[in-house]
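Chain letters run A, B, ... following the sequence lines, proteins first and then strands; every chain starts at 1. Source: prediction; values computed, not measured.
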2 protein chains.
Amino acid sequence: MSHVNAWDECGLIRHFTDRVPESRNLRERASVRTVGGGSSLTEQVIEAVREAIRSGELRPGELYSVYQLATQLNVSRTPVREAMLRLAEAGIVRFERSRGFRVLRRDPREIAEVFQLRLLLEVPATRLAVRRASQELVGAMRGELAGMRAAAAGLDEPRFLRHDRAFHDLLLNAGANRRLAAIVGNLRDATMTLGASTVERRRSLADVAAEHEPIVTALSAGDAEAAAQAMRLHLTHTGELLLRQSVADGGGTADPEDLALIRFPGTPGATSP
Amino acid sequence: MSHVNAWDECGLIRHFTDRVPESRNLRERASVRTVGGGSSLTEQVIEAVREAIRSGELRPGELYSVYQLATQLNVSRTPVREAMLRLAEAGIVRFERSRGFRVLRRDPREIAEVFQLRLLLEVPATRLAVRRASQELVGAMRGELAGMRAAAAGLDEPRFLRHDRAFHDLLLNAGANRRLAAIVGNLRDATMTLGASTVERRRSLADVAAEHEPIVTALSAGDAEAAAQAMRLHLTHTGELLLRQSVADGGGTADPEDLALIRFPGTPGATSP
DNA sequence: AATCGGCATGTGGCATGTCACATGTCAACG
DNA sequence: CGTTGACATGTGACATGCCACATGCCGATT
C-alpha cells in the first residue's frame, strides 16, 4: 500500500458511535427502517461524511475509497457509493478515474462564488418574504435568534449553526419559492464543509448573531428594503469572514477580485424597471 | 396487477434503439467503457428518461418502477435506480414510499419558480459577463445565434434547443461563476422536461431566436446594462410562454400571482448601494 | 544505467440476491 | 351490507459478487 490513510484507527466508526450511542454502528439501524422515513443509510453516510470533514477526520487532498469508508462505517459499498456520488454532485468531493475520491479543498474562489450566489438569491428572497411575513414567522425567527445568542454565549458552535440554519430557512420558506430554498440550503452545506478555525469563529459568534437582529426588526416593521439590506450586510460579512479564514488556512492566494465579487455581486448601475 | 402501465409495448427500448442504431440497447455499450469517460450507464439512463419524458413516452402522474425501466432498457436495476435518484433530487420525478416513482407534473407555480430563479441568476451573470467579454466570446455567441435561426427556419426544435443552451452556457461560463452556471443548467433541464406543445412553440421559435440578438449586440458594444435588460426581457418572455402553455395543458389554475413572480422577481423599490 | 513492458493490486461501475415494509385485495366476521 | 383482519404482491434499500480498467511497482531488455 503506497499511501497511508491517516485515519485507519482514529476511525469514522468511533465518531459515529459517539453520536448514536445506542447502536454500535450504522448497520444496526438498517433493520429499523428500510424503505423511507427520510433517514436512509445513504443519507446517514452523507451526514457522517460531512461531519467527518468538519471535524477534520477526512482531510482535503487526501485520497479515500468507497471500500474503506464502507468498512469503517460497517455498511455495504452501495449506500457509501450513492452518498459519495451525491456529495460529488454537490461539489464536496471529486472522483478520480481509478484512484478513489478526494475531498476538495475550499479555495477562496469557491467561497466567493457561493456567497455571490447567496447574495443573489437570499437578498431578493428576503424582500419577498417581508411582503408575506406573518406574526408567527416573526415569532419563530425571534426564537431562533434567541437560540443563536444563547449558543454564542455558551460557545456552542454546532448549536449556533443549527439555529442559524433554521433562521435562514424560515425566511427562505416564507419567500414561497421551494426551489430557491433548496438551492440555498445546498450552498450553505457546501461552506459548512470547511471546518471551523475554531478560535477566530467562536470569538465572532456573538457578532454574527447580532447581525440577524436588524433583519427581524425590519421584517417585523414590514420594511422590505431595510430587511434586504440587513441580509446583504450579514451575508457579506459572513462571506468575508470565511474568505479570510480560507486564505489564512493557505487555501490559495488572496485574490482581491474574490472579495469584490462578494461585495458587488452584479449590482446594477441604474435602477431596474 | 392493478394499474396498466400504458407503455408495456410502446417501449423505451425501441425509442433508444432508434437513437443509437448501432447498438440494440444500452447494455451493449456496457463493455465499451466501464470506469469513466463521462458516459456511464447511469448518465445514459438519465438522458434516456429525459428524452422519454420530452417525447411523451413517460407521462406525468403515471406510476413506474425501477424494475420495469431496467427491464425495458435492458440494464440492471442499479444504474436505473441511481439515475432516478438523481432525477428525484433534481425535482423531475418523485419516489413514493413503496409504490414506485412518479413523473412530476410541471404546474405553473413550478415554472414560475424556475424562471424567477433564472432571472435572479442570469441577469446579473449577464452583467458580469459583459465586463469580461472577449471577441472570441462574441463570435461564438453569434455562431450559436446563427444556428438557432437556421434551426428555427427548419422547424428543427431539438437543434434549436441545443444552440439555445450553448448560447446561454457561453454567457454563463464567461461570468466566471461555475457554480452559478451549473445551477442554471439544472434549472433549464427542469423545464426541458415539459414536452413541446409543439405547434405553439414552433411558431415562436423565430421570435425566441430574435430575442437573443439584442443580447449579443449589447455584449459586443460593452453595454452591460443593455445586455442585462435584454436578457431579462428574453427570460420573462420565455417564462410567460411556458407558463401559458402549462396552463393550457391543464397543469393547474392560472394564478396571476405566478406571472407577477416572473415579471418582478424581487426588484428593489429603490436603487441598491 | 536507463527504459520499457508485464503483472499484481486496487478502484469504481454494474448485475444480482435478499430483506423489511407498504399497499391493495379479498374473504371472514360482526 | 359494512368493517376488519390476514395474506400475497410489488417496491425500494441494501449486500455482495463480478468485471474491465487504471495505476504503480518491479524485473527484463537494450
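Phosphate contact (OP1/OP2 of D/dG12, side-chain N/O of B/Arg99, threshold under 4.0 Å): absent. In this structure, B/Ser76 reaches the C/dA15 phosphate: one of its side-chain N or O atoms is under 4.0 Å from OP1 or OP2. Taking side-chain N and O atoms only, A/Ser65 has a distance below 4.0 Å to OP1 or OP2 of C/dT11.
Classification of A/Arg86 and A/Glu89 as a salt-bridged pair fails, no side-chain N sitting under 4.0 Å from a carboxylate O. Salt-bridge formation is not detected for the pair A/Arg162/A/Asp169: no Lys NZ or Arg NE/NH1/NH2 atom is positioned less than 4.0 Å from an Asp or Glu carboxylate oxygen. Looking at A/Arg54 and A/Glu47, a side-chain N of the basic residue comes within less than 4.0 Å of a carboxylate O on the acidic one, giving a salt bridge. No salt bridge links A/Arg165 with A/Glu144; every basic N to acidic carboxylate O contact stays at or beyond 4.0 Å. We find that A/Glu110 and A/Arg105 are not joined by a salt bridge, their nearest charged nitrogen and carboxylate oxygen being 4.0 Å or further apart.
Taking every side-chain heavy atom of A/Arg97 into account, D/dA22 is the closest of C/dA22, D/dA22, D/dA15. Among the nucleotides C/dC14, D/dG12, D/dT23, the one closest to any side-chain atom of B/Glu82 is C/dC14. Taking the side chain of A/Leu41 as heavy atoms from C-beta on, and the options C/dT23, C/dA15, D/dA15, the nearest nucleotide is D/dA15.
Taking for each of A/Thr42 and A/Arg77 the nucleotide of DNA chain D with the nearest heavy atom, the 5'-most of the two is the partner of A/Thr42. Remark on DNA chain C: of its neighbouring residues A/Phe95 and B/Thr78, the 5'-side contact belongs to A/Phe95, judged by nearest-heavy-atom nucleotide.
D/dG10 atom C1' lies 14 Å from atom CZ of B/Phe101, rounded to whole Å. The nearest whole Å value for the distance from the CG atom in B/Leu73 to the P atom in C/dA15 is 11 Å. Separating the CD atom of A/Glu96 from the C1' atom of D/dA22 is a distance of 12 Å, rounded to the nearest angstrom. Distance B/Arg102 CZ to D/dG10 C1': 15 Å, rounded to the nearest Å. To the nearest angstrom, C1' of C/dT11 lies 11 Å from CG of A/Leu63. When the C1' atom of D/dC14 is taken as reference, atom CG of B/Leu85 falls 12 Å away, rounded to whole Å. Remark: C1' of D/dG10 and OH of B/Tyr67 are 8 Å apart, rounded to the nearest angstrom. The distance between atom CD of B/Gln68 and atom P of D/dT9, rounded to the nearest whole Å, is 17 Å.
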